[in-house]
Amino acid sequence: MKELTPLVWKNRRLYIIDQRLLPHKTKWVKLRDHNDVYRAIRDMLIRGAPAIGIVAAFGFCLGFRSVKTEDREVLKERITEIADLLGSARPTAVNLRWAVNRMLGLTAKLLPDKKKSIKEIEHILEKEALNILREDIETNRKIGRYGSRLIPKGASILTHCNAGALAVGGYGTAIGVIRRAFEEKKDITVFVDETRPYLQGARLTSYELKSLGIRHFVITDNTAGFLMKLRKIDLVITGADRIVRNGDTANKIGTYSLAVLAKENRIPFYIAAPLSTFDISLETGYEIPVEERSGDEVLNIMGRSIAPKGVTALHFGFDVTPAGYISAIITERGIVYPPYRKNIKKLFMKR
Ligand code: MRU
């Protein structure tokens with residue numbers, strides 16, 4: 001079976017799947033320049049923390065190519081503006097700024113070297129974006145291997161949103177763990193929160209699990225607590241959009257409620273995320289910018305209005321789960337347990 005990926009870089013062009021149309025339609029969209037990439041991230045044609053970082057790295061390459069000047073100072077100024085634009089497309093997932101900064105840092109190193117032509121620099125930048133993509137897939141496989149150790153045979157697992165192949169370069173983080181447990185024949189069952197309002201669970205996670213042949217049930221978001229009470233869930237695992245120094249974690253809205261319910265019911269609650277999702281410049285979750293999106297996305301489902309005309313809705317895209325609710329964080333460098341402040345610091349010292 002061909003590995004699912006949400007983006008392809010081919011003949012120096014970027015193509016993404018318009019995830020708003022999944023699962024019923026797989027439409028590949030060509031992104032011509034950095035403005036197209038910015039809009040695709042902002043409008044959620046592509047989403048998921050690592051995926052928007054990877055796509056922004058390629059957007060950076062397209063932006064670099066579009067600046068028609070041999071003046072390196074002007075080029076630096078222009079590409080910094082482009083990087084800022086790309087980095088501002090969505091505020092919560094730190095992977096976006098992480099990837100853009102990595103590209104910008106490399107550019108700042110390369111530009112003063114006059115022995116390298118602008119064309120050569122362009123090629124090196126493309127290679128770097130491809131490295132980010134390749135590393136992400138390798139990282140997810142490692143997360144899968146570590147994480148599967150936490151999954152008992154026959155486990156019933158609850159997940160929220162989509163942290164699968166579509167949200168990354170390939171394989172998935174939280175879904176990567178589930179996949180690995182499945183590949184190890186652990187006879188698992190997955191409960192998938194539908195994840196209102198974008199329905200990442202019902203539309204995307206179930207699409208991935210179905211194509212992998214993993215047994216699962218889609219549930220409404222408000223069913224999770226009852227299932228826990230009935231002892232039908234053995235563990236919860238989700239991805240993350242930003243993890244700060246003390247372990248507080250931003251993820252899709254509804255994650256916090258799940259974590260509280262899990263603790264109340266003595267069920268382990270795990271986060272699976274790569275190091276690029278950590279923001280050790282922030283001390284606590286209070287500092288994480290939480291995206292607020294249009295209320296229209298709550299009031300309309302798949303283009304159909306579900307509330308009286310003129311009603312207003314509140315729509316936070318994410319919430320922050322305090323570290324105290326998180327049993328462990330699974331990364332490509334291993335599983336991190338509390339106390340998080342100390343152990344996250346150690347994680348960044350490991351090489
Ligand atoms: O709004 P989205 O769909 O970009 O939110 C995605 C999530 O919250 C995911 O759980 C997170 O980005 C981790 S993806 C590996």
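All figures in this text were calculated on a predicted structure; none of them were measured in a lab. Note that ligands are numbered from 1 as they come in the structure, with each ligand's atoms numbered from 1 the same way.
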Asn162 versus Arg47, side-chain donor and acceptor atoms under 3.5 Å: yes
Point-to-point distance, once rounded to the nearest 0.5 Å, from NZ of Lys229 to CD1 of Ile267: 10.0 Å
Residues Thr195 and Asp193: side-chain donor-acceptor under 3.5 angstrom: no
Nonpolar side-chain network containing Phe318, other nodes, edges under 4.5 Å: Val244, Ile253, Leu282, Ile288, Val290, Leu314, Phe316, Val320
Salt-bridge present (Glu3, Arg141; N to O < 4.0 Å): yes
Could you check ligand 1 for N or O atoms lying under 3.5 Å from protein N or O atoms and list the pairs with distances?
{"residue": "ligand 1", "atom": "1 (O)", "partner": "Arg90", "partner atom": "NH1", "Å": "3.4"}
{"residue": "ligand 1", "atom": "1 (O)", "partner": "Arg90", "partner atom": "NH2", "Å": "2.9"}
{"residue": "ligand 1", "atom": "1 (O)", "partner": "Lys252", "partner atom": "NZ", "Å": "2.7"}
{"residue": "ligand 1", "atom": "3 (O)", "partner": "Arg47", "partner atom": "NE", "Å": "2.8"}
{"residue": "ligand 1", "atom": "3 (O)", "partner": "Arg47", "partner atom": "NH2", "Å": "3.3"}
{"residue": "ligand 1", "atom": "3 (O)", "partner": "Gln200", "partner atom": "NE2", "Å": "2.8"}
{"residue": "ligand 1", "atom": "4 (O)", "partner": "Gly48", "partner atom": "N", "Å": "2.9"}
{"residue": "ligand 1", "atom": "4 (O)", "partner": "Arg90", "partner atom": "NH1", "Å": "2.8"}
{"residue": "ligand 1", "atom": "8 (O)", "partner": "Asp241", "partner atom": "OD1", "Å": "2.8"}
{"residue": "ligand 1", "atom": "8 (O)", "partner": "Asn251", "partner atom": "OD1", "Å": "3.2"}
{"residue": "ligand 1", "atom": "8 (O)", "partner": "Lys252", "partner atom": "N", "Å": "3.3"}
{"residue": "ligand 1", "atom": "10 (O)", "partner": "Asn251", "partner atom": "OD1", "Å": "2.7"}
{"residue": "ligand 1", "atom": "12 (O)", "partner": "Ala49", "partner atom": "N", "Å": "2.9"}
{"residue": "ligand 1", "atom": "12 (O)", "partner": "Asp241", "partner atom": "OD1", "Å": "3.2"}
{"residue": "ligand 1", "atom": "12 (O)", "partner": "Asp241", "partner atom": "OD2", "Å": "3.0"}

Spacing of Arg242 atom CZ and Thr249 atom OG1 [to the nearest 0.5 Å]: 11.5 Å
